[in-house]
Enquirer: 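Below is one structure. I have some questions about it.
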Number of protein chains: 2
Amino acid sequence: MIAQEPNETRARLLRTAFQLFHEQGFHATGVATILREADVNPGSMYHFFASKDELLLGVLEFALEYLGPAVMEPAEARTQDPIGRVTELLEQYREGMESAGCRMGCPMGNLALEVSDGNAQARALIHRNFENWAARVEGWLNTAGDRLPRDLDRGRLARFVLTVMEGGLMQSRAAGHLGPFDDSVAVLLEHFEMLETQARSQKRKVRTK
Amino acid sequence: MIAQEPNETRARLLRTAFQLFHEQGFHATGVATILREADVNPGSMYHFFASKDELLLGVLEFALEYLGPAVMEPAEARTQDPIGRVTELLEQYREGMESAGCRMGCPMGNLALEVSDGNAQARALIHRNFENWAARVEGWLNTAGDRLPRDLDRGRLARFVLTVMEGGLMQSRAAGHLGPFDDSVAVLLEHFEMLETQARSQKRKVRTK
DNA sequence: AAGATGATTGAGTGATCGCTCAAGAACCGA
DNA sequence: TCGGTTCTTGAGCGATCACTCAATCATCTT
């Protein structure tokens, strides 16, 4: 059929489900709750999504589009500095966590641990979300030039930033306060400082050649 | 009835539930499944645990005891070297992940993201599990003496090791292979090397005073 | 206007959820 | 041997689970 404007009901279902999966988790969120919150009837939902699992796949694809404009671009807008952008990005997650009373954390991280074992397609989409996240950060780090060591694997470091963010949020979730997250970020930033120190000594060596 | 040592049924329920929660998650595991696997009748379970949530609390207390003998002591047995013990500990989690086909990951991490929002007591126990884990690693790091910088916060670094472990496992879960975990551990070990380098230069300065 | 297609309605499905409880068996000290 | 306590049995409870479908409405094409 001729392409029509994006279906409003479908979009509302995706937004509502994304929100509820983030707040309560996938299994803890009943289809009935999603339908009530989105003000949609069961038949309508099953017109667009064959099952709750397929709705999850839709949500994960929605998150893939959501990631750039809602997460990465705000951090990019705050500063041009490559490493400053990493700091801003982590600060964004901190604010999200704080304003939720140390609940919820990262939506993708939560789903990664809850559904990635039993649903291969969901696992693949979560993986793609992580890869996109890290690729964007890698892009920032690539613009850092000789502020970072010459032979440093930027992609690996970008994934490490994700690792620290997810691990820090997890512990803060359990702690009920942001201490563990802040500590983790602090060590990460010290790591960056050591890398920058290392890079400066490399530059000095090149100059004295 | 066959004579049993005290609370054998209770112990079997805790072991079985711990295993199933780890494999499938808390909400995805039905009470009926636990009862079938543990070969226990509903009435028996509800004699020991007032609800599924209370069973979870029992499991988290069980994990608290399980942590030392089953996780930390094996790593301690492999080497006396403080930083080597960190490496061994991470290697243990790697092996667990590998032998499970990159499924499951860390039982405490999974539960942290699934149940810590809706159950305050569970959150507190998960937090205590994390704190015990980190405290044990901190104990190792404290024996490293001047191999690490003098004013380094050992407790913070220990928690950072946990952060990297959990974040790395999460990404490997989504990826379906151990690449992200290995990369994260590699960066962490490079961080330790930089700290050791820093500590060596401190020693040199002290000597030349 | 007529027909085709897409989208919505909502009562209702069987299955499974966490859980109950009355009855009885096993074990205990006295 | 007895009464008291702890533990086990398992059929069965109401609630909720994910999901169905025939009927109806809305929109577009011809």
Enquirer: Mind calculating the distance between CG (B:Leu55) and C1' (C:dC19) to the nearest angstrom?
Expert: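 After rounding, the gap between these two atoms is 13 Å.
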Enquirer: List for me each residue that meets side chain to side chain contact (heavy atoms under 4.5 Å, CB included) alongside B:Arg123, sequence neighbours excluded, and say none if there are none.
Expert: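 B:Arg123 satisfies side chain to side chain contact (heavy atoms under 4.5 Å, CB included) with A:Arg103, B:Ser116, B:Asp117 only.
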Enquirer: Please determine whether a side-chain nitrogen or oxygen atom of B:Tyr46 lies at a distance below 4.0 Å from atom OP1 or OP2 of C:dC19.
Expert: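 Affirmative; the distance criterion is met.
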Enquirer: If you only use heavy atoms from C-beta on, which nucleotide in D:dT20, C:dT8, D:dT8 is closest to the side chain of B:Phe48?
Expert: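 The answer is D:dT8.
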Enquirer: Using the salt bridge (Lys or Arg N to Asp or Glu O under 4.0 Å) rule, collect all pairs that involve residues 14-28 of chain A, keeping only residues at least two apart or in two chains.
Expert: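 Salt bridge (Lys or Arg N to Asp or Glu O under 4.0 Å) check on residues 14-28 of chain A returns A:Glu8-A:Arg15.
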Enquirer: For residues 35-62 of chain A, pull every pair meeting side-chain hydrogen bond (donor to acceptor under 3.5 Å, both in side chains), keeping only residues two or more places apart or in separate chains.
Expert: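 The answer is none; no pair qualifies.
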Enquirer: Give every residue pair that meets the side-chain hydrogen bond (donor to acceptor under 3.5 Å, both in side chains) criterion with at least one member in residues 153-170 of chain B, sequence neighbours excluded.
Expert: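 Checked against side-chain hydrogen bond (donor to acceptor under 3.5 Å, both in side chains) - neighbours excluded - the pairs reaching residues 153-170 of chain B are A:Gln171-B:Thr163, A:Asp183-B:Arg159, A:Ser184-B:Thr163, A:Glu190-B:Arg156.
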Enquirer: Atom CD of A:Glu54 to atom C1' of D:dC19: distance rounded to whole Å?
Expert: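 Checked: the CD to C1' distance equals 13 Å.
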Enquirer: Whole angstrom is fine here: how far is it from CD in B:Glu8 over to P in C:dC27?
Expert: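 It works out to 14 Å between those atoms.
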Enquirer: Would you say a side-chain N or O of A:Asn7 is under 4.0 Å from OP1 or OP2 of C:dG6?
Expert: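 Checking C:dG6 against A:Asn7, no side-chain N or O comes under 4.0 Å of OP1 or OP2.
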Enquirer: Near DNA chain C, under 4.0 Å by heavy atom, which residues of residues 13-42 of chain A?
Expert: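 Here the set is A:Asn41, A:Pro42.
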Enquirer: Once ring-ring contact (aromatic ring centres under 6.0 Å, His included) is applied, do any residues pair with A:Phe18, and if so which ones, sequence neighbours excluded?
Expert: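 For A:Phe18 the ring-ring contact (aromatic ring centres under 6.0 Å, His included) partners, ignoring immediate neighbours, are A:Phe62, A:Tyr66.
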Enquirer: Could you pull out the closest heavy-atom pair between B:Ala63 and B:Met108, with the gap in Å?
Expert: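 What the structure gives for the nearest pair is CB-CE, 3.5 Å.
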Enquirer: Starting from the 5' end of DNA chain D, give me the residue, A:Lys52 or B:Met45, whose nearest nucleotide shows up first.
Expert: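 Whichever sits nearer the 5' end wins; that is B:Met45.
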Enquirer: Taking only N and O in the side chain of B:Ser51, is any of them less than 4.0 Å away from OP1 or OP2 of C:dG18?
Expert: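 No, B:Ser51 has no side-chain N/O under 4.0 Å of OP1/OP2 on C:dG18.
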Enquirer: Is the phosphate of D:dT8, meaning OP1 or OP2, less than 4.0 Å from a side-chain N or O of B:His47?
Expert: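 False: B:His47 side-chain N/O out of range (4.0 Å or more) of D:dT8 OP1/OP2.
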